[in-house]
2 protein chains.
Amino acid sequence: MEEKFRRSLYPELDDIDYGIVRALQENARLPFTTIAKELGVTEKTIRMRVQQMQDDGVLSLVGIVNPVKAGLNVESFIQIAVEADKLDDVVEVLNGIVEVRLIVLTTGDYQLFIQILVRNYEELAQFLMKKLNKVPGVTRVNVINELKILKSKFKFVR
Amino acid sequence: MEEKFRRSLYPELDDIDYGIVRALQENARLPFTTIAKELGVTEKTIRMRVQQMQDDGVLSLVGIVNPVKAGLNVESFIQIAVEADKLDDVVEVLNGIVEVRLIVLTTGDYQLFIQILVRNYEELAQFLMKKLNKVPGVTRVNVINELKILKSKFKFVR
DNA sequence: TGATAATTGTCGATATTCGTATTATAGTTA
DNA sequence: TAACTATAATACGAATATCGACAATTATCA
């Protein structure tokens, strides 16, 4: 009785799940009663489905701050080459740096790919010189600055 | 009377705003009455602040689906070099491709940086061969496959 | 086909949201 | 400084929504 499954294993969401996701994608605070009316089921059903999808890690209902409006104007993607035996250590250090939003292990010439957000180019320079280049094991970095976001789509259900 | 400002210009959020953001970051459906009690103000105040932050594009309350749980198991970052005069056209085509989640104009050897999500490597191959390589103006692509996400942090307020 | 578990529905108690009117606060000008 | 204005906060009752316990229904599987 450790694991409990529902209907079938994910990713098999049914129509009701999709209806719920479609609604909450737009507005995480939409009343369950409204969604229920739309989908022709009871509020209780919506409530339970949402709870399960959250428990199962399928759906998160969160508030997101626009980084630019919060003063974080400079976004960069950085590829990092690391000495093979130092990878764990480097990741650990990067993990503790607030500017680092995303760390991904990748294929290719560089092992790590990170995304950072800072207030301005001065902070970017500080990050590169005072933080990233001081991390032992980092052999090479490739900074790709973001000039403009042309598309950003976080909706997964149409 | 076209623009309306509040207190002062963003990014000057005050303590109440930060309190609201901090709470809603964790749970977008947290009752305003609860936040109000915590911050020592009225529910109406919270309601109005949230509405304003949303109107001003500072805060979004959204449902997010875990792509892996939705069957999108392969994520790739792709750098794309484009003939200078074809940039707009390429972006327009990429915009219409469902797999493409993010398009960013960048500095460096490649002009565009995109993020894609597909179900599996077969779909990635199809995307590269049937879609991306058929886009006129694309001269060179560099695919960086994501092996594992080591950190992903979307909270902007501590 | 039964037995069992999981899901959904019903419904009243409680909590939350919403809208209006009123009061307080900050900024501005005479 | 006082009066004025605009903005933001509060008070509060009505309308909605959420929650939880139990019953009914639907799947699941031996």
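Per chain, numbering begins at 1; letters A, B, ... match sequence-line order.
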Expressed as a whole number of angstroms, how long is the span from D14(A):CG to dA27(D):P?
11 Å
Tell me which nucleotide among [options] gets nearest to the side chain of [X].
X: V41(A); options: dT10(D), dG9(C), dT18(D); value: dG9(C)
X: E43(A); options: dT17(C), dC18(C), dC19(D); value: dC19(D)
X: R47(A); options: dT10(D), dA17(D), dC19(D); value: dC19(D)
X: K37(B); options: dT16(C), dT10(D), dT8(C); value: dT16(C)
X: Q52(A); options: dG20(D), dT7(C), dG9(C); value: dT7(C)

For L112(B), which residues count as a side-chain contact (heavy atoms from CB on, under 4.5 Å) partner, sequence neighbours excluded?
L150(A), I80(B), V82(B), L87(B), V90(B), V91(B), L94(B), I103(B), L105(B)
Difference in axis direction between the ends of the helix from dT1(C)-dA30(D) to dA30(C)-dT1(D), five pairs, 10°
40°
Can you tell me if [X] touches the phosphate of [N], counting only side-chain N or O atoms and a distance under 4.0 Å to OP1 or OP2?
X: T33(A); N: dT16(D); result: no
X: R29(A); N: dT17(C); result: yes
X: R49(B); N: dA9(D); result: yes
X: T45(A); N: dT8(C); result: no

Hey, which of these two, L30(A) or I16(B), hits DNA chain D nearer its 5' end, going by closest nucleotide?
I16(B)
Taking atom types as they are modelled, would you say the side chain of K44(A) forms a donor-acceptor pair with the base of dT18(D) within the 3.5 Å cutoff?
no
Could you walk me through whether I78(A) and F127(A) satisfy the side chain to side chain contact (heavy atoms under 4.5 Å, CB included) test, starting with their C-alpha distance in whole Å, then the side-chain angles of each, then the deciding distance to 0.1 Å, before giving a yes or no?
CA-CA 11 Å; I78(A) 305 179; F127(A) 170 80; 3.8 Å; yes
Between F77(B) and Q79(A), is the side chain to side chain contact (heavy atoms under 4.5 Å, CB included) condition met? List the steps.
CA-CA 11 Å; F77(B) 299 103; Q79(A) 294 179 286; over 6 Å; no
